[in-house]
Amino acid sequence: MSSSLPPSSCDCFVSLPPASLSSFVLFGKNSDRPRDEVQEIVYYPAASHPLGSKVKCTFIEVEQVRETLAVVLSRPAWLWGAEMGANEMGVCIGNEAVWTKEPVTEGEALLGMDLVRLALERGPSAQKAVQVITELLGEYGQGGSCREEPEPFIYHNTFLLCDRSEAYVLETAGPYWAAERIVEGARNLSNQLSISVCPWSEHPQLRSHALQQGWWDGQGEFNFSVVYSLEKQPERMAAAKLRYRAGQELLRMQEGHMTVKSMLSILRDKESGICMDSGGFRTTSSMVSVLPRSPHEPCIHLLSATPDPSRSVYKPFMFSPRVTQVPWVLSPTFGEQDPVKQIPRFQTQVDRRHELYRQHQRALEACKGNKEAEETLRQKQLKLEEENLHWVDTFLDTSKSADPVGGSDIFRICVEKELALYKETGEK
């Protein structure tokens, strides 16, 4: 992997009571990717599969399970997996790039993003999703290029997983891994190993492998992040440490009164670099999920579907029988002519922009250089988002039984309203 490649970065957050103000688990992630990469929002309903069938992930096939759960995913439009997403059982997962003493390999295997989707489709709880990832990691391994460029860009992965009652951090180094369980308070991840001593669970050979490699003497305390982290950190990891500390501080400042708006504010924080645009990378999509402790209240997932959370609108998605794929956040497909399917891969580029992405960028471009127009657009975006958050509050208010959208697909309604705003702005 060339050292000239720009940094890959993401930030994940989770807040559980008592850090959360209400009896909710809050999940948030910014997906920081190559700045022109498009993320689409895809919905897959629950499905049954024939015994012995296989599923083609981004690069390799794996054994399919008999039943898969309904999922909503925010994913780079060229791949099979996802940067982040949720399933119908209230499980949320986000992944992050990490580099450790365990070297990356050129061979194609499962991407970390493939593991996110597989775990969501197969994991009815966060704990079960951890098991799904570790078992697949052992059977198929992780690897393959993680961006649409001829030059390979390869990394290992860390994951933040949560459901209505608890959260897990799962950190990997090649086939090896450690997991931490979180039952209260807040936690964040930023492209580095962070699990220290006494993991909740770990790979059976995690310590013996470190001993064989000379990374640990077998006598002192075993600290996973110390033992497996690179001794000489590349520049991208130093930047990740700064974001990690900034994220910790932002969580600390909200401790005890973390709300949906608090999480949105953290993900929009430019000063910390959490909402980023540098070195050819930017926050290309963002997600916040509200997971009520009560199983009688719906889980709600807020998705941006457009780059730069500070200039985007979060839109609520809820699993229900009436949900279908919203076409305006779905990228075009290219079949067998897709550069990801051609060998060698990624020799050409295709236009993967979906309609909401196109209109969002067009509206921003129309206002560029005109401070008054930029502010007018931002205020209209915030007004739309306030309406969206009001709907979220209504759905979560157990004292109200009325459906505020009259049985319609709320995510579709919000996307349509946002599209209308951008078309109006772009035509002026």
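- For Arg35 and Phe281, the positive end is not near the middle of the six-membered ring at less than 6.0 Å and at most 45° from its axis.
- Between atom CG of residue Leu160 and atom CG of residue Leu189 there is a gap of 5.0 Å, rounded to the nearest 0.5 Å.
- Side-chain atoms of Gln192 and Ser229 form no donor-acceptor pair, as typed in the model, at a separation below 3.5 Å.
- Under a cutoff of 6.0 Å and an axis angle of 45°, Arg117 and Tyr44 form a cation-pi pair.
- Residues Ser312 and Thr306 have side chains that bring a donor and an acceptor to within less than 3.5 angstrom of each other.
- Ion pairing between a basic and an acidic side chain is recognised when a charged N comes within 4.0 Å of a carboxylate O; Glu67 and Arg122 show no such pairing.
- When each of Leu111, Leu118, Leu79 is tested with Cys57 by the rule side-chain contact (heavy atoms from CB on, under 4.5 Å), just one qualifies, namely Leu118.
- Gln142 and Thr172 are linked by a side-chain donor-acceptor pair at a separation below 3.5 angstrom, with hydrogens and angles left out of the test.
- Lys315 has no carboxylate O lying under 4.0 Å from a charged side-chain N of Glu416, or vice versa, which leaves the two without a salt bridge.
- To the nearest 0.5 Å, atom OH of residue Tyr314 and atom CG of residue Leu267 are 4.5 Å apart.
- Using modelled atom types, one finds a donor on one side chain and an acceptor on the other under 3.5 Å when comparing Gln127 with Tyr168.
- Between the side chains of Arg243 and Asn191, at least one donor-acceptor pair of N or O atoms lies under 3.5 Å.
- Residues Trp80 and Phe59 place their aromatic rings such that the two centres sit no closer than 6.0 Å.
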